[in-house]
Amino acid sequence: MRKHWLSRLDAVPLSTKLVACTLVLLMVGTFGISLTIRQLVSSYLVQKTDTQLRDQAQLVYSNVDLLSSKNENENVGPNEYFMQLRDTHNNIVSTPLVPVLRNSIVSEPVLPPNGSMGNVQFDKPFTASAKVRELSPSVKADKRALQVAQAPWRVLALEGRERGPDGTSVLKMTVYIGVSMADQIDIISTLTQYSIFVSIIIVLLGAVVATLIIQRTLLPLKRIEKTAAKIAAGDLSQRVPTAPENTEVGSLAASLNAMLARIESSFREQQETTDKMKQFVSDASHELRTPLATIHGYSELYHMQRDLPGALERADESIDHIEASSQRMTVLVEDLLSLARLDEGRGIDMTQQVNLSQQLKDAVDDLHALDTDRAIRRGRLELNAKDGNKPAHLVFREGEFPDVTLTGDGSRLRQVITNIVGNIHRYTPSDSPVEVGLAVMPASISPESLQRMPSNIQSLGYFLEAVEVGQSMQMGMNYAVFSFIDHGPGVPADRQSQIFERFYTADPSRARQKGGTGLGMSIAQSVVRAHHGFIDATTTSNGGGLTLTVILPLGPVEPYVPSASTESKDKKNDKTDKPTKQGRQSKQNRQGNHQGKWARRDKNKSN
């Protein structure tokens, strides 16, 4: 039964539950308030009646003759008090005051029986029920008069003294003085009726107002429901209407929108991954099919021509082709295996100390050995800050490499550099110049955020803006930045990010003469990301060509601690060239704006 009723209760709409709860609370509240007020007023009126009895008891006792005449004289107001005298043995002596109501109705309190005092105590008022009788049975009493007559009495017992029949002795008497509580009951009844009437109005108004407010409050939930229905139908671009985030619905809407954005992004990434996987399988099948077809074809050719004259020379030629194809297939399989291991986070040792400067020097020597006619320069990279509409960019300054050592996998980093050098050797003229630059730059961006950024020119621009902030604020992370700048045919800007895709080759014909598999730059990107770094391809600014830039984290920026001589020099400079308060404030504002701007972009990229 409990589960049955709970299930039925769960089936009731939320708006109905809220309205019902509001009505129940209003009814309980109004009933409690009405009952409390009724009880307080009733207690107050009883206390007031008791005070009236105590204050006027002696006066009533002393003027009993005058009060009794009110019942007989129409020119005087009717008597309101009841009084009865009893002797020391509680026997009734007389009842001098008996109020007569309209239509000759007499109402008296029910007192202890003759000869007994019961539980009555002196000077302590008590409530007694009424005894009604009619003086003239022929006169029919109305309903209102009977209700007044049936009202209970409030009675007070006092000790009185009377002179005896001889006029000299004093007799003790018990005096009962009472007053009807009809007026108090009438007031309580009227107050109760008004309380019930007002309570009904409050409950009805509360029901109307609660319904309107709850419907208005739940309206955003209805919109969320409709949006969820559209999303369930397949439209992942739908978003929940926003509301102030300090409200529960607004907070829910913001959380749902963030969740929907993540779901849409994950779905899009999954779709892109699926498409890339399909393309990868297709490209891998194509790349592997060619050497396998070559091996199969030359094997059949050998079997067909082995009985003909000159078979030995033709067999050597077939074996050479088979060997070349098998070597190409071996390289392809090894590259695929390397990519698979990198995707799984295996096959890389991040605990080695790598001298990046020496590896770049070896790469320069290797490229010079491959192309003896090529002019190769090495030097440093510097940042040119943003100037007007011209964005920040890196420039090459010829010179020696700075000494840079980082923690990572030396063989894998050497593989990245070797793949870049191999691309330059294969796809650029042997006499075109090449510049290799290296630098250490601080940037206000975390390696995790840098690792997640896509390989495009916008991401490189974000990093350079972070470098500007890091250099001005002396904060963030130090990064090793090196670039290979060639002046060959280059790659169109809209296809530069594709060179990191698997099996992508700049040659549309996918010719085999250059020996590439299309996996070299994919491996380089995977290795760099495994080091929490970033790699990007851009157009060479001077003379055209392609510039490959690699960014690798080194460690946090160490705080600058000035020496004593530097502090004294700074103080001297402050005295001679002290900036104004407005200038200092302007500089701080610029630094804060740069830092806040990059923090917002970094957060958006992370999301």
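Note that the structure is predicted; figures quoted are calculated from it, not measured.
Looking only at distances, no side-chain donor or acceptor of Gln84 sits under 3.5 Å from a matching main-chain atom of Tyr176. Formation of a donor-acceptor pair under 3.5 Å by the Asp186 side chain with backbone atoms of Ala182 is not found in this model. Judged purely by atom type and a 3.5 angstrom limit, Asp409 has no side-chain atom pairing as donor or acceptor with the backbone of Met350. At least one donor-acceptor pair under 3.5 Å links the side chain of Asn257 to the backbone N or O of Val240. Checking side-chain atoms of Asn90 against main-chain N and O of Gly115 turns up no donor-acceptor pair under 3.5 Å. In this structure a side-chain-to-backbone donor-acceptor pair under 3.5 Å is missing from Ser189 to Ile185. Listed for the Ser43 side chain is a donor-acceptor partner under 3.5 Å among the backbone atoms of Gln39. In this structure a side-chain-to-backbone donor-acceptor pair under 3.5 Å is present from Arg86 to Ser116.
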For residues 193-213, dump all side-chain donor-acceptor pairs below 3.5 Å to protein atoms at least two apart in sequence or in another chain.
{"residue": "Ser195", "atom": "OG", "partner": "Leu191", "partner atom": "O", "Å": "2.8"}
{"residue": "Ser199", "atom": "OG", "partner": "Ser34", "partner atom": "OG", "Å": "3.3"}
{"residue": "Ser199", "atom": "OG", "partner": "Ser195", "partner atom": "O", "Å": "2.6"}
{"residue": "Thr211", "atom": "OG1", "partner": "Ala207", "partner atom": "O", "Å": "2.6"}

Would you tabulate the side-chain donor-acceptor contacts of residues 11-20 under 3.5 Å, counting partners in other chains and residues two or more places apart, or write 'none'?
{"residue": "Lys17", "atom": "NZ", "partner": "Leu9", "partner atom": "O", "Å": "3.1"}

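Counted by atom type alone, Glu159 and Thr174 present zero donor-acceptor pairs between their side chains at under 3.5 Å. At a cut-off of 3.5 Å, with distance as the only test, a side-chain donor of Ser459 or Asn456 sits close to an acceptor on the other residue. For the 3.5 Å distance criterion, the side chains of Thr49 and Arg154 fail to qualify, holding no donor opposite an acceptor. Side-chain atoms of Trp153 and Ser107 form a donor-acceptor pair, as typed in the model, at a separation below 3.5 Å.
One finds the NZ atom of Lys386 at 8.0 Å from the CD atom of Glu468 (value rounded to the nearest 0.5 Å). Atoms CG and CD1, from Asn114 and Ile92 in turn, are 4.5 Å apart once rounded to the nearest 0.5 Å.
Residues Leu53 and Val60 have side chains not in contact (no heavy-atom distance under 4.5 Å, counting atoms from C-beta outward). Two residues are said to be in side-chain contact when any heavy atoms from C-beta on lie closer than 4.5 Å; Phe534 and Leu460 meet this criterion. Considering only heavy atoms from C-beta on, Gln52 stays 4.5 Å or farther from Lys48 through its side chain.
Nearest heavy atom pair, residue Thr192 against residue Arg38, reads OG1-NE, 3.0 Å.
Applying the 6.0 Å contact sphere to CD1 of Ile457 captures no more than 12 heavy atoms from other residues, nucleotides or ligands. More than 12 heavy atoms of other residues, nucleotides or ligands sit less than 6.0 Å from atom CG of Asp235. In Tyr44, the OH atom is not crowded: 12 or fewer heavy atoms of neighbouring residues, nucleotides or ligands sit closer than 6.0 Å.
Judged as a ring pair (Phe, Tyr, Trp, His ring centres under 6.0 Å), and not counting sequence neighbours, the contacts of Tyr479 are Phe463.
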